[in-house]
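In each ligand, atom 1 is the first atom listed, and ligand 1 is the first ligand listed.
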Amino acid sequence: MDNGTILVVGGAGYIGSHTVRALADAGRRVLVLDNLSEGHREAVTRCPLITADIHDCAALNKVFTEHTISAVMHFSAFAYVGESVANPQKYYHNNVSSTLNLLSAMLSYGVKYFIFSSSCATYGNPQYTPIDETHPQSPINPYGATKFMVERIVADYHNAYGLNYMCLRYFNAAGAHPDGATGESHRVETHLIPLILKTFTGENQQIQIFGNDYDTPDGTCVRDYIHVCDLADAHIAALSALLAGAESCCVNLGTGKGVSVKKMISACEEVVGKKAPVVAAPRRAGDPSILTASNALAFQTLGWKPRYTDIREIIATAWNWEQHRRY
Ligand code: UDP
(Lines give C-alpha, C1' and ligand atoms only; values in the text may rest on other atoms or scores of the structure.)
Protein backbone atom coordinates (compact mmCIF):
# COMPACT_ATOMS: atom_id res chain seq x y z
CA MET A 1 0.00 0.00 0.00
CA ASP A 2 1.21 3.53 -0.79
CA ASN A 3 1.91 5.09 2.60
CA GLY A 4 1.82 8.76 1.63
CA THR A 5 -0.91 10.96 3.01
CA ILE A 6 -4.34 11.22 1.43
CA LEU A 7 -5.37 14.87 1.43
CA VAL A 8 -9.13 15.16 1.82
CA VAL A 9 -10.34 18.61 0.86
CA GLY A 10 -13.76 19.22 2.34
CA GLY A 11 -13.26 16.31 4.73
CA ALA A 12 -15.33 17.97 7.47
CA GLY A 13 -18.45 17.96 5.31
CA TYR A 14 -21.15 15.33 5.00
CA ILE A 15 -19.72 12.90 2.44
CA GLY A 16 -16.11 13.89 3.11
CA SER A 17 -16.28 13.11 6.82
CA HIS A 18 -17.74 9.66 6.23
CA THR A 19 -15.02 8.98 3.67
CA VAL A 20 -12.33 10.11 6.10
CA ARG A 21 -13.63 7.57 8.61
CA ALA A 22 -13.57 4.83 5.96
CA LEU A 23 -10.03 5.82 4.93
CA ALA A 24 -8.87 5.64 8.54
CA ASP A 25 -10.59 2.25 8.91
CA ALA A 26 -8.71 1.11 5.80
CA GLY A 27 -5.41 2.09 7.45
CA ARG A 28 -4.70 5.14 5.29
CA ARG A 29 -2.90 8.20 6.62
CA VAL A 30 -5.31 11.09 6.16
CA LEU A 31 -5.16 14.88 6.38
CA VAL A 32 -8.27 17.04 6.13
CA LEU A 33 -8.26 20.54 4.68
CA ASP A 34 -11.55 22.37 5.16
CA ASN A 35 -12.55 26.02 5.51
CA LEU A 36 -15.43 24.95 7.79
CA SER A 37 -17.91 27.11 5.86
CA GLU A 38 -20.17 24.06 5.57
CA GLY A 39 -18.17 21.42 7.40
CA HIS A 40 -18.00 20.67 11.13
CA ARG A 41 -14.88 20.44 13.25
CA GLU A 42 -16.62 17.74 15.34
CA ALA A 43 -16.97 15.52 12.27
CA VAL A 44 -13.18 15.08 12.00
CA THR A 45 -11.92 12.88 14.81
CA ARG A 46 -9.61 10.38 13.15
CA CYS A 47 -6.96 12.66 11.62
CA PRO A 48 -5.54 16.19 11.69
CA LEU A 49 -7.69 19.05 10.39
CA ILE A 50 -6.19 22.12 8.76
CA THR A 51 -8.65 24.98 8.61
CA ALA A 52 -7.93 26.86 5.41
CA ASP A 53 -9.53 27.76 2.12
CA ILE A 54 -8.23 26.39 -1.17
CA HIS A 55 -8.50 29.89 -2.64
CA ASP A 56 -5.56 30.65 -0.37
CA CYS A 57 -2.54 29.60 -2.46
CA ALA A 58 -0.07 30.20 0.36
CA ALA A 59 -2.01 27.89 2.67
CA LEU A 60 -2.21 25.25 -0.06
CA ASN A 61 1.52 25.43 -0.76
CA LYS A 62 2.23 25.06 2.94
CA VAL A 63 0.16 21.86 3.08
CA PHE A 64 1.91 20.36 0.07
CA THR A 65 5.33 21.42 1.34
CA GLU A 66 4.87 20.04 4.83
CA HIS A 67 3.24 16.72 3.92
CA THR A 68 4.01 13.97 1.44
CA ILE A 69 0.66 13.86 -0.33
CA SER A 70 0.11 10.83 -2.55
CA ALA A 71 -3.48 11.55 -3.62
CA VAL A 72 -6.15 14.19 -3.23
CA MET A 73 -9.86 13.66 -2.70
CA HIS A 74 -11.85 16.81 -3.39
CA PHE A 75 -15.24 17.14 -1.73
CA SER A 76 -15.32 20.84 -1.09
CA ALA A 77 -18.08 22.55 -3.07
CA PHE A 78 -21.33 24.38 -2.61
CA ALA A 79 -24.14 22.00 -3.47
CA TYR A 80 -27.53 23.70 -3.26
CA VAL A 81 -29.22 23.54 -6.66
CA GLY A 82 -31.69 26.33 -5.90
CA GLU A 83 -29.00 28.64 -4.53
CA SER A 84 -26.84 27.99 -7.59
CA VAL A 85 -29.66 29.21 -9.84
CA ALA A 86 -30.08 32.38 -7.74
CA ASN A 87 -26.37 33.05 -7.19
CA PRO A 88 -24.28 31.37 -9.91
CA GLN A 89 -21.26 33.60 -9.24
CA LYS A 90 -20.81 32.00 -5.84
CA TYR A 91 -20.86 28.56 -7.45
CA TYR A 92 -18.50 29.21 -10.37
CA HIS A 93 -16.11 31.05 -8.09
CA ASN A 94 -16.03 28.41 -5.38
CA ASN A 95 -16.58 25.17 -7.23
CA VAL A 96 -14.54 25.86 -10.36
CA SER A 97 -12.00 28.56 -9.62
CA SER A 98 -10.88 27.13 -6.28
CA THR A 99 -10.53 23.68 -7.84
CA LEU A 100 -8.13 25.17 -10.39
CA ASN A 101 -5.99 26.37 -7.47
CA LEU A 102 -6.00 22.92 -5.94
CA LEU A 103 -5.06 21.30 -9.24
CA SER A 104 -2.25 23.84 -9.73
CA ALA A 105 -0.80 22.95 -6.36
CA MET A 106 -1.04 19.25 -7.25
CA LEU A 107 0.81 19.86 -10.52
CA SER A 108 3.49 21.93 -8.79
CA TYR A 109 4.12 19.23 -6.21
CA GLY A 110 3.85 16.29 -8.62
CA VAL A 111 0.74 14.76 -7.03
CA LYS A 112 -0.78 12.55 -9.72
CA TYR A 113 -3.93 11.04 -8.23
CA PHE A 114 -7.21 12.92 -7.90
CA ILE A 115 -10.65 11.77 -6.83
CA PHE A 116 -13.36 14.29 -7.54
CA SER A 117 -16.89 14.55 -6.14
CA SER A 118 -18.98 14.93 -9.26
CA SER A 119 -22.72 14.64 -9.54
CA CYS A 120 -25.66 13.21 -11.45
CA ALA A 121 -26.56 16.89 -11.88
CA THR A 122 -24.04 16.91 -14.76
CA TYR A 123 -26.53 14.91 -16.87
CA GLY A 124 -29.39 17.41 -16.74
CA ASN A 125 -32.80 16.11 -17.80
CA PRO A 126 -32.15 12.48 -18.66
CA GLN A 127 -32.94 11.17 -22.13
CA TYR A 128 -33.28 7.71 -20.63
CA THR A 129 -33.03 6.03 -17.22
CA PRO A 130 -31.24 4.41 -15.57
CA ILE A 131 -28.51 6.82 -16.59
CA ASP A 132 -25.19 5.27 -17.57
CA GLU A 133 -21.89 7.09 -17.90
CA THR A 134 -22.20 7.44 -21.68
CA HIS A 135 -25.42 9.43 -21.31
CA PRO A 136 -24.95 12.97 -22.74
CA GLN A 137 -24.10 15.58 -20.12
CA SER A 138 -26.17 18.74 -20.35
CA PRO A 139 -26.60 20.26 -16.89
CA ILE A 140 -29.71 22.39 -16.32
CA ASN A 141 -28.49 24.35 -13.31
CA PRO A 142 -25.26 26.17 -12.41
CA TYR A 143 -24.38 23.64 -9.71
CA GLY A 144 -24.39 20.82 -12.29
CA ALA A 145 -22.51 23.04 -14.73
CA THR A 146 -19.70 23.61 -12.20
CA LYS A 147 -19.30 19.87 -11.71
CA PHE A 148 -19.34 19.27 -15.46
CA MET A 149 -16.69 21.95 -16.01
CA VAL A 150 -14.37 20.43 -13.44
CA GLU A 151 -14.79 17.01 -15.07
CA ARG A 152 -13.67 18.56 -18.36
CA ILE A 153 -10.74 20.34 -16.74
CA VAL A 154 -9.61 17.14 -15.06
CA ALA A 155 -9.85 15.16 -18.32
CA ASP A 156 -7.73 17.82 -20.08
CA TYR A 157 -5.17 17.73 -17.24
CA HIS A 158 -5.06 13.97 -17.62
CA ASN A 159 -4.26 14.27 -21.33
CA ALA A 160 -1.77 17.10 -20.94
CA TYR A 161 -0.13 16.47 -17.57
CA GLY A 162 -0.76 12.81 -16.79
CA LEU A 163 -3.11 13.50 -13.88
CA ASN A 164 -4.84 10.23 -12.96
CA TYR A 165 -8.41 10.74 -11.86
CA MET A 166 -11.73 9.27 -10.94
CA CYS A 167 -14.78 11.52 -11.11
CA LEU A 168 -17.46 9.95 -8.96
CA ARG A 169 -20.92 11.05 -10.00
CA TYR A 170 -23.03 10.83 -6.87
CA PHE A 171 -26.75 10.46 -7.06
CA ASN A 172 -28.59 11.56 -3.86
CA ALA A 173 -26.42 11.04 -0.79
CA ALA A 174 -28.51 10.03 2.22
CA GLY A 175 -28.38 8.52 5.69
CA ALA A 176 -25.84 8.66 8.49
CA HIS A 177 -23.15 6.41 9.91
CA PRO A 178 -24.92 3.52 11.70
CA ASP A 179 -22.89 4.21 14.87
CA GLY A 180 -24.53 7.65 15.09
CA ALA A 181 -21.24 9.57 15.43
CA THR A 182 -21.47 11.35 12.07
CA GLY A 183 -24.37 12.40 9.87
CA GLU A 184 -25.88 15.12 7.74
CA SER A 185 -25.88 18.66 9.13
CA HIS A 186 -26.14 21.57 6.73
CA ARG A 187 -26.04 25.30 7.31
CA VAL A 188 -29.44 25.50 5.68
CA GLU A 189 -31.19 22.18 5.27
CA THR A 190 -32.76 21.76 1.83
CA HIS A 191 -32.59 17.99 1.43
CA LEU A 192 -35.69 15.89 1.36
CA ILE A 193 -35.01 13.19 3.98
CA PRO A 194 -33.82 15.48 6.83
CA LEU A 195 -36.65 17.89 6.08
CA ILE A 196 -39.23 15.09 6.34
CA LEU A 197 -37.62 13.81 9.56
CA LYS A 198 -37.65 17.29 11.08
CA THR A 199 -41.45 17.26 10.91
CA PHE A 200 -41.33 14.33 13.35
CA THR A 201 -38.98 16.06 15.77
CA GLY A 202 -41.11 19.20 15.69
CA GLU A 203 -38.36 21.29 14.13
CA ASN A 204 -40.45 21.76 10.97
CA GLN A 205 -44.21 22.23 10.74
CA GLN A 206 -44.72 20.45 7.44
CA ILE A 207 -43.03 19.00 4.38
CA GLN A 208 -43.58 20.64 1.02
CA ILE A 209 -43.76 18.54 -2.13
CA PHE A 210 -42.06 20.57 -4.84
CA GLY A 211 -44.23 19.78 -7.87
CA ASN A 212 -46.80 17.01 -8.29
CA ASP A 213 -47.26 17.30 -12.05
CA TYR A 214 -44.01 15.73 -13.23
CA ASP A 215 -44.10 13.00 -15.86
CA THR A 216 -43.50 10.26 -13.26
CA PRO A 217 -45.77 7.49 -11.90
CA ASP A 218 -47.12 9.59 -9.00
CA GLY A 219 -46.31 13.04 -10.43
CA THR A 220 -43.47 13.74 -7.97
CA CYS A 221 -39.72 13.75 -8.69
CA VAL A 222 -37.85 10.46 -8.57
CA ARG A 223 -34.32 10.24 -7.18
CA ASP A 224 -31.78 7.51 -6.48
CA TYR A 225 -30.83 7.73 -2.78
CA ILE A 226 -27.44 6.23 -1.95
CA HIS A 227 -26.22 5.71 1.60
CA VAL A 228 -23.33 7.95 2.60
CA CYS A 229 -21.29 4.97 3.88
CA ASP A 230 -21.71 3.27 0.51
CA LEU A 231 -20.38 6.44 -1.11
CA ALA A 232 -17.47 6.41 1.33
CA ASP A 233 -16.67 2.78 0.47
CA ALA A 234 -16.69 3.62 -3.23
CA HIS A 235 -14.01 6.27 -2.59
CA ILE A 236 -11.82 3.72 -0.87
CA ALA A 237 -12.24 1.38 -3.83
CA ALA A 238 -11.57 4.20 -6.31
CA LEU A 239 -8.40 5.21 -4.49
CA SER A 240 -7.08 1.64 -4.40
CA ALA A 241 -7.90 1.18 -8.08
CA LEU A 242 -6.23 4.44 -9.11
CA LEU A 243 -3.08 3.80 -7.08
CA ALA A 244 -2.93 0.31 -8.61
CA GLY A 245 -2.92 1.80 -12.11
CA ALA A 246 -6.59 1.78 -13.12
CA GLU A 247 -7.60 3.90 -16.11
CA SER A 248 -8.89 7.36 -15.28
CA CYS A 249 -12.67 7.50 -15.66
CA CYS A 250 -16.02 8.85 -14.52
CA VAL A 251 -18.27 6.51 -12.55
CA ASN A 252 -21.87 6.76 -11.34
CA LEU A 253 -22.57 6.00 -7.70
CA GLY A 254 -26.19 5.13 -7.07
CA THR A 255 -28.35 2.18 -6.13
CA GLY A 256 -30.15 1.94 -9.47
CA LYS A 257 -33.50 2.29 -7.68
CA GLY A 258 -35.76 5.34 -7.92
CA VAL A 259 -37.86 6.66 -5.04
CA SER A 260 -40.43 9.41 -5.60
CA VAL A 261 -40.94 12.28 -3.16
CA LYS A 262 -44.33 10.84 -2.17
CA LYS A 263 -42.86 7.35 -1.68
CA MET A 264 -40.06 8.82 0.41
CA ILE A 265 -42.56 10.54 2.69
CA SER A 266 -44.48 7.24 3.14
CA ALA A 267 -41.25 5.32 3.83
CA CYS A 268 -40.19 7.87 6.47
CA GLU A 269 -43.65 7.62 8.06
CA GLU A 270 -43.28 3.85 8.14
CA VAL A 271 -39.82 3.96 9.76
CA VAL A 272 -40.78 6.55 12.36
CA GLY A 273 -44.37 5.38 12.90
CA LYS A 274 -45.91 8.86 12.58
CA LYS A 275 -47.71 10.82 9.85
CA ALA A 276 -45.93 13.78 8.29
CA PRO A 277 -47.98 16.92 7.54
CA VAL A 278 -47.63 17.34 3.76
CA VAL A 279 -48.42 20.34 1.53
CA ALA A 280 -48.22 20.74 -2.25
CA ALA A 281 -45.82 23.44 -3.45
CA PRO A 282 -44.65 24.69 -6.87
CA ARG A 283 -41.81 22.97 -8.71
CA ARG A 284 -38.31 23.96 -7.55
CA ALA A 285 -36.16 25.63 -10.23
CA GLY A 286 -33.54 23.35 -11.75
CA ASP A 287 -35.08 19.98 -10.73
CA PRO A 288 -35.07 17.20 -13.36
CA SER A 289 -38.04 14.81 -13.07
CA ILE A 290 -36.13 11.51 -12.77
CA LEU A 291 -32.53 10.69 -11.87
CA THR A 292 -31.62 7.04 -11.39
CA ALA A 293 -28.22 5.49 -11.91
CA SER A 294 -26.89 2.54 -13.74
CA ASN A 295 -24.19 1.38 -11.32
CA ALA A 296 -22.84 -1.39 -13.56
CA LEU A 297 -19.61 0.46 -14.35
CA ALA A 298 -18.89 1.03 -10.65
CA PHE A 299 -19.15 -2.70 -10.09
CA GLN A 300 -17.03 -3.48 -13.13
CA THR A 301 -14.24 -0.98 -12.45
CA LEU A 302 -14.26 -0.69 -8.66
CA GLY A 303 -15.86 -3.98 -7.61
CA TRP A 304 -18.28 -1.75 -5.69
CA LYS A 305 -21.95 -2.17 -5.07
CA PRO A 306 -24.14 -0.57 -2.43
CA ARG A 307 -24.77 -2.43 0.82
CA TYR A 308 -27.86 -0.37 1.65
CA THR A 309 -30.49 -1.34 -0.90
CA ASP A 310 -33.69 -0.78 1.09
CA ILE A 311 -34.62 2.87 1.47
CA ARG A 312 -36.04 2.16 4.94
CA GLU A 313 -32.61 1.05 6.17
CA ILE A 314 -31.14 4.31 4.89
CA ILE A 315 -33.91 6.34 6.54
CA ALA A 316 -33.41 4.46 9.84
CA THR A 317 -29.77 5.63 10.04
CA ALA A 318 -30.84 9.19 9.22
CA TRP A 319 -33.59 9.05 11.86
CA ASN A 320 -31.15 7.79 14.48
CA TRP A 321 -28.85 10.73 13.65
CA GLU A 322 -31.67 13.25 13.60
CA GLN A 323 -32.68 12.30 17.15
CA HIS A 324 -29.17 12.22 18.63
CA ARG A 325 -27.19 14.53 16.39
CA ARG A 326 -23.83 15.73 17.74
CA TYR A 327 -23.40 18.81 15.53
N1 UDP B 1 -37.96 18.03 -2.39
C2 UDP B 1 -39.26 18.32 -2.00
N3 UDP B 1 -39.44 19.02 -0.85
C4 UDP B 1 -38.42 19.46 -0.07
C5 UDP B 1 -37.09 19.16 -0.47
C6 UDP B 1 -36.91 18.44 -1.64
O7 UDP B 1 -40.22 17.95 -2.67
O8 UDP B 1 -38.66 20.12 0.94
C9 UDP B 1 -37.74 17.26 -3.61
C10 UDP B 1 -36.85 17.97 -4.64
O11 UDP B 1 -37.65 18.78 -5.48
C12 UDP B 1 -36.23 16.79 -5.37
C13 UDP B 1 -36.13 15.70 -4.30
O14 UDP B 1 -37.03 16.10 -3.26
O15 UDP B 1 -37.07 16.34 -6.39
C16 UDP B 1 -34.74 15.56 -3.71
O17 UDP B 1 -34.30 16.85 -3.37
P18 UDP B 1 -32.99 17.09 -2.51
O19 UDP B 1 -32.90 18.57 -2.28
O20 UDP B 1 -33.01 16.21 -1.32
O21 UDP B 1 -31.81 16.59 -3.44
P22 UDP B 1 -31.38 17.02 -4.94
O23 UDP B 1 -32.11 16.07 -5.85
O24 UDP B 1 -31.73 18.44 -5.16
O25 UDP B 1 -29.91 16.78 -4.94
Side-chain angles (χ1 to χ4, degrees), residues 13-15 38 75 77-88 91 95 117-126 129-131 139-148 168-176 183-201 203-228 231 252-255 257-269 276-293 311 314-315 317-319 321-322:
Y14 175 42
I15 304 169
E38 297 281 341
F75 293 90
F78 292 129
Y80 298 113
V81 168
E83 184 183 61
S84 80
V85 176
N87 190 2
Y91 278 69
N95 295 7
S117 300
S118 189
S119 169
C120 60
T122 60
Y123 293 113
N125 269 318
T129 55
I131 301 168
I140 60 165
N141 53 60
Y143 166 68
T146 65
K147 293 291 177 180
F148 182 49
L168 302 180
R169 295 179 184 153
Y170 312 151
F171 282 64
N172 285 57
E184 187 168 14
S185 177
H186 297 294
R187 177 174 46 93
V188 180
E189 193 48 78
T190 63
H191 292 111
L192 182 63
I193 296 176
L195 286 177
I196 298 169
L197 297 179
K198 283 177 195 300
T199 68
F200 303 126
T201 59
E203 231 176 298
N204 282 352
Q205 297 300 303
Q206 57 193 19
I207 181 73
Q208 297 181 301
I209 296 183
F210 293 149
N212 54 19
D213 57 351
Y214 283 97
D215 184 17
T216 59
D218 65 17
T220 66
C221 286
V222 172
R223 294 287 181 273
D224 182 333
Y225 295 87
I226 172 82
H227 195 275
V228 67
L231 288 180
N252 285 342
L253 297 178
T255 62
K257 287 187 188 166
V259 178
S260 73
V261 174
K262 278 188 179 162
K263 285 229 168 79
M264 182 60 86
I265 295 170
S266 310
C268 288
E269 289 175 336
V278 174
V279 288
R283 290 182 176 201
R284 188 175 66 176
D287 267 344
S289 55
I290 304 187
L291 292 169
T292 56
I311 193 63
I314 297 178
I315 295 166
T317 64
W319 177 230
W321 168 253
E322 201 58 53

I'd like the residue list for ligand 1, meaning every protein residue with a non-hydrogen atom under 4.0 Å from the ligand.
N172, T190, H191, L192, L195, I207, Q208, I209, F210, C221, R223, Y225, V261, R284, D287
Carefully, step by step, assess D213 and R283 under the rule side chain to side chain contact (heavy atoms under 4.5 Å, CB included).
CA-CA 9 Å; D213 57 351; R283 290 182 176 201; 3.0 Å; yes
Output the distance between atom CZ (R169) and atom NZ (K147), rounded to the nearest 0.5 Å.
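Between R169 CZ and K147 NZ, I get 12.5 Å after rounding to 0.5 Å.
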Would you give the length of the straight line joining atom CG of N172 to atom SG of C120, rounded to the nearest 0.5 angstrom?
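Reported to 0.5 Å precision, the distance equals 5.5 Å.
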Is atom NZ of K198 surrounded by more than 12 heavy atoms (other residues, nucleotides or ligands) closer than 6.0 Å?
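For K198, atom NZ is crowded (more than 12 foreign heavy atoms under 6.0 Å).
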Should F78 and N87 be marked as a side chain to side chain contact (heavy atoms under 4.5 Å, CB included) after you check the CA-CA gap, both sets of side-chain angles, and the distance that decides it?
CA-CA 11 Å; F78 292 129; N87 190 2; over 6 Å; no
Step by step, would you call T255 with Y225 a side-chain hydrogen bond (donor to acceptor under 3.5 Å, both in side chains)?
CA-CA 7 Å; T255 62; Y225 295 87; over 6 Å; no
